[in-house]
2 protein chains.
Amino acid sequence: MVTSKRGSKDLIRAINYSIILNKIKEIGPVSRAELAKVTGLSSATLTGISAQIIADGLIFEKEMGESKGGRKPILLALNPSGGYAVGIKLTENTLIGVLVNFVGEIIERYNMKLVSKTPESVADLIGNLTEELIKRSQVPKDKLLGVGVGAAGLVDFDRGMLITSPFFRWRNVPFSQLVQNRVGVKTYVDNDVNTLMVAEQLFGAGQNLEHFITITIGRGLGMGIVVNGQIYRGVKSAGEFGHITVHSNGRQCACGKRGCLETLVSDEGLLISGREVCSEPVDSVDDLLQLAESDHNNAQNVFAQAGTLLGAQIANLITVLSPMRIIIGGEGVRFGDWIFKPMHQTIKENIMPYQGEATEVVVEPWGDDRWAVGAACLVLGEFVKSPLYRNSSYD
Amino acid sequence: MVTSKRGSKDLIRAINYSIILNKIKEIGPVSRAELAKVTGLSSATLTGISAQIIADGLIFEKEMGESKGGRKPILLALNPSGGYAVGIKLTENTLIGVLVNFVGEIIERYNMKLVSKTPESVADLIGNLTEELIKRSQVPKDKLLGVGVGAAGLVDFDRGMLITSPFFRWRNVPFSQLVQNRVGVKTYVDNDVNTLMVAEQLFGAGQNLEHFITITIGRGLGMGIVVNGQIYRGVKSAGEFGHITVHSNGRQCACGKRGCLETLVSDEGLLISGREVCSEPVDSVDDLLQLAESDHNNAQNVFAQAGTLLGAQIANLITVLSPMRIIIGGEGVRFGDWIFKPMHQTIKENIMPYQGEATEVVVEPWGDDRWAVGAACLVLGEFVKSPLYRNSSYD
DNA sequence: AACTTTCTTTATTTAGTGAATTAACTTATT
DNA sequence: AATAAGTTAATTCACTAAATAAAGAAAGTT
C-alpha cells in the first residue's frame, strides 16, 4: 500500500542478483545447481547471474566440491577481497577507524585525535583517516566500496543528515555529503546503534533473522530494531529505548525529560547511583565495578537494581514486539553477571507465559572496534541488501 | 537479507498492477496519463495494465475529465461493485456479520447466535451466515471475493490457525481451512485488532501511512502494528500491549502474570477499580461511566487514573517506535474525555521533546460493526496489497 | 488550420525459462 | 584395464512475456 518501487527488468535482475548473493553468503561455498534448487531460479538464470556477480568481483569460483556420481560442482563463495569498506566511529575526541574486507574481517585499524570540531574539519579528518587506512593496508583505492560513519545522536539516514549530535552541538548537518565530497566514494552515516546492528545482521548474532532488536549499554542506552530484515526507523528516530520513562519524578535527563531509563542504566546513571550508596570514592563505573567484585554489597546492589529495571523494560519490549532475538552489546557488557543475572531473572518473571518464551535474549561479547566495524558494515550492507529495501535506484 | 520472493515476469506485472490499483484508490478518479506520470510507468504499460484491471472488474472508466487543451482524459476509479467480501467477528455468543463492497461500504448486516461451540459447528454457522448475507444483499455469488474472520486470542495468520481462543478454549484449530471448506471461497482469519487495523489502513485513519499503531480498548487492551505498510506480527503475536507489566505486584491477570496494564485499563479492570472506590452498586463499566458523568468524583478518578497509566505507556511506545500515528479504537472509546483527556496530558508530559512530537495520537469514533468490517477488509486487503507483502504466489 | 493532450499500436529490448547440449565425473560390465 | 552406461553440473539456444520508446490515432482547444 505504500511501497511503490515499480516493476522493471532491472528490478527483476536486482532482486535475483541479491537473492543469489545472499544465499551464497548464507550457505556458501555452494554450487550453481544447489543455488538453483534453493532459490527456485532456473539453472540457466544461475549461469547468467553468477557470471555477472563474478564479473563484479563480489564472488568467485572457490573450489571443486565432491562429486555425487557425476560432474563435480564448482563451489561459489563470497570473495573476501571483492571490495573493502572503511568504518569510522565518531566519538567526543577521537575518530576510531577500521578497514574491513567484503566478509567483514578487519584488515587495518587506525585512530585519529580530533583537533577542530566543525563539521568541515571533522569530515576532512575522516578523509585523512580513510587515506591512511588505505595506504597502510595497501588495498587498491578503486576497491574501496564506500565509507560508513557511526555517530551518537539523531540521524536522518536517507538524507545523511546529523540532526542532533550530543558531542558537537551540531544541528542538521548534511554530513554524509561533506564526507563524500572529501573522500570521493559513497558515504553513509547512521546512528551508532544502527551501525552495530547492521554488523550483527550481516556477520553476527542477527544473521538470517527477520526481526531482532539490539540494545547497547554504555555512555547511553541505545536500541535498534530490525523488522522484516530492514532497519526500522519510524518517523523520527525509533528506538529511543533509553528515554522510556520509568519514574515520573526521577532524575533529570539530558533529553529534557525526567526519569528516563538511561538516567539509571548507563555509565553516568550507574555512577550517580554508586556515589549515592558508597562511602568510598567512585570516580568511574570501573571503580564501581571493582567495588562490586571485591564484595561491596552496595555496589553490587547498584548493578542489580539497574539490571532489574532494564529487565523489566526488556520484558515489556518482548511483550509488545515479540522479536526473534534481543542482542545486548556495548561497553556495558563488561559489567557481566552483576547486571545481567538480575536482568535475565526479571525478564523471566515479566514476560507472558507462552508468547514471551519465543524470544531469546543474548549478551554479545564486546570488542572496542565493534562500533567502527559496524559503520563499515553500513557500506557492505548496501551491496547485500535486497533492492526492495535499498535507497539507491538502478534504472 | 531475508526476503526471497524471486524475480520473474509475473512479479513485475503483479507489482505494477498493485501500484496502479493503489494509486487509483489513493487519488482516483484519475486518467491513465496522470497515473503514468505519478508512477513512472510508461503510458503504453498503463494502457495494458488498466485494461487488465478493468477486465478483472476491480476498476472502471468512471467519467470524462476536463480537457487541459487537448483530448479529454478518461478517469479511472475503483469499481465499488467489483467484488464483495464477508466479514465476521467472532464473539463469545454471537457471530456479527457484514457484507461490504469493494470500497469498504457496508451492503448488508446480519448476526447469528452461536448454539454449539465446537470449531466445526462454528465454521458451519459462518457458512450459514455468509449465505444469508449473500441472499439478502442479492450480490451474485461469484462476486464474493472471500470471507474474513476476526477473533480474540493468538492467531497464526499465515496458517489460518487459532492458536488460543479465550472464549472457546480451542487450541491450534486450523480455522480458516474449516471455514474455507464450508464456504468455498478464500478465507482469512486474524486477531481482531489486526482486522480493525486493516480497515483503518485501507479506508480509515491509517491510509497511506507507512508506520502506525492501533490500540483497542474494550474487553481487553489490544494493539496492532503496521511497519512499512505491512502488519508486523513478530515471532509469536507481537502487540500484546495489554500485557505490559506496570505493577510488579499488581492484580492477577488472566494471562498468568501479575500487574498487566490490562488489569487496570479494560472493562473488567475499570469495573474492579470502580467497585473499590464507589459505595454505589457498580454492575458494569457503563454504570461507572454514568456515575462519572453525574459528577461522582471517585468514578471520575478511576477513569483518570486509567487514562494516566495508558498515556504513560503510550508515551513509551512513541519513544521506542516513533510511529506516524497511533489510532485508538474499540468500545472503550465511549469513555471519552474521562479517560482520554488525562491520557493525552500524560503522553505530552512523557514523550521526548523533539522526537515524540512527530507522532499523532487520534481517538477514532467507534461503531459496533467496525470489528466485522475490519474482518471483511482482510479479504479486500489481499487484493490491494503489494505482491511483495502477500502470501499467495502467482507463478 | 495548428497545436495539445490522451490513449493505443508497433517494433524493440531484455530477463527468466524449458529443453537440448556439452562437460566432467562415477559405476557397472566386459 | 577398457569401455559403456548412467549421473550430476553447467551452458547454450530458442521462446515467452513485460516494459518501453516512438510513432500514430483520437479527441479535444485555440
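Heavy-atom basis, side chains included; hydrogens, waters and symmetry copies ignored.
- In summary, B:E61 and B:R32 engage in a salt bridge, as defined by a charged side-chain N under 4.0 Å from a carboxylate O.
- Within 4.0 Å of B:L76, counting heavy atoms only, lies no atom of the nucleic acid at all.
- We find that CD of B:E63 is positioned 16 Å from C1' of C:dT6, with the value rounded to whole Å.
- Residue whose closest nucleotide on DNA chain C sits further toward the 5' end, between A:Y17 and B:A33: B:A33.
- To the nearest angstrom, P of C:dT27 lies 14 Å from NZ of A:K68.
- The side-chain heavy atoms of B:L321 and A:I225, taken from C-beta on, include a pair separated by under 4.5 Å.
- The phosphate of D:dT20 (OP1 or OP2) has a side-chain N or O of A:R6 nearer than 4.0 angstrom.
- When distances are taken from the side chain of A:D10 to each of C:dT26, C:dA15, C:dT6, the shortest belongs to C:dA15.
- A donor-acceptor contact under 3.5 angstrom links the side-chain atoms of B:K9 to the base of D:dT16.
- Residue-level contact check: A:A44 touches the bases, meaning some heavy atom is under 4.0 Å from a base atom.
- Across the protein-nucleic acid pair, A:L11 atom CG and D:dA17 atom P stand 20 Å apart, rounded to whole Å.
- Here A:I15 lies out of heavy-atom contact (under 4.0 Å) with every strand.
- Test A:I134, A:N101, A:L380 against A:Y84 for side chain to side chain contact (heavy atoms under 4.5 Å, CB included) and you get one pass: A:N101.
- Contact check for B:E105 versus B:F203: no side-chain heavy atoms found under the 4.5 Å cut-off.
- Residue contacts for B:L46: at a heavy-atom cut-off of 4.0 Å it reaches no nucleic acid atom on any strand shown.
- Between A:K62 and A:I24, the closest side-chain pair of non-hydrogen atoms is not below 4.5 Å.
- Within the 4.0 Å cut-off from OP1 or OP2 of C:dA15, not a single side-chain nitrogen or oxygen of A:N16 is found.
- Distance, B:M64 CE to D:dA26 P: 14 Å, rounded to whole Å.
- OP1 or OP2 of C:dT17 sits under 4.0 Å from a side-chain N or O of A:S42.
- Among the protein residues, B:S43 comes within range of the nucleic acid bases, having at least one heavy atom under 4.0 Å from a base atom.
- If you take NZ of A:K62 and C1' of D:dA9, they are 20 Å apart, rounded to a whole angstrom.
- Whole-Å rounding puts the B:E34 CD to C:dT5 C1' distance at 12 Å.
- Residue contacts for A:T47: at a heavy-atom cut-off of 4.0 Å it reaches a base atom on one of the strands shown.
- Contact annotation for A:S31: backbone-only contact, meaning every heavy-atom pair under 4.0 Å involves sugar-phosphate atoms and none involves a base.
- Between B:T45 and D:dT20 there is a side-chain polar atom (N or O) within less than 4.0 angstrom of OP1 or OP2.
- Put simply, B:R13 has a side-chain N or O that comes within less than 4.0 Å of OP1 or OP2 on D:dA19.
- Contact check for B:I12 versus A:I12: side-chain heavy atoms found under the 4.5 Å cut-off.
- Below the 3.5 angstrom threshold, one finds no donor paired with an acceptor across the side chain of A:R71 and the base of D:dT8.
- Per the geometry, NZ belonging to B:K72 stands 11 Å off C1' belonging to D:dT29, to the nearest Å.
- Taking atom CD1 of residue A:I49 and atom C1' of nucleotide C:dT17, one finds them 12 Å apart after rounding to whole Å.
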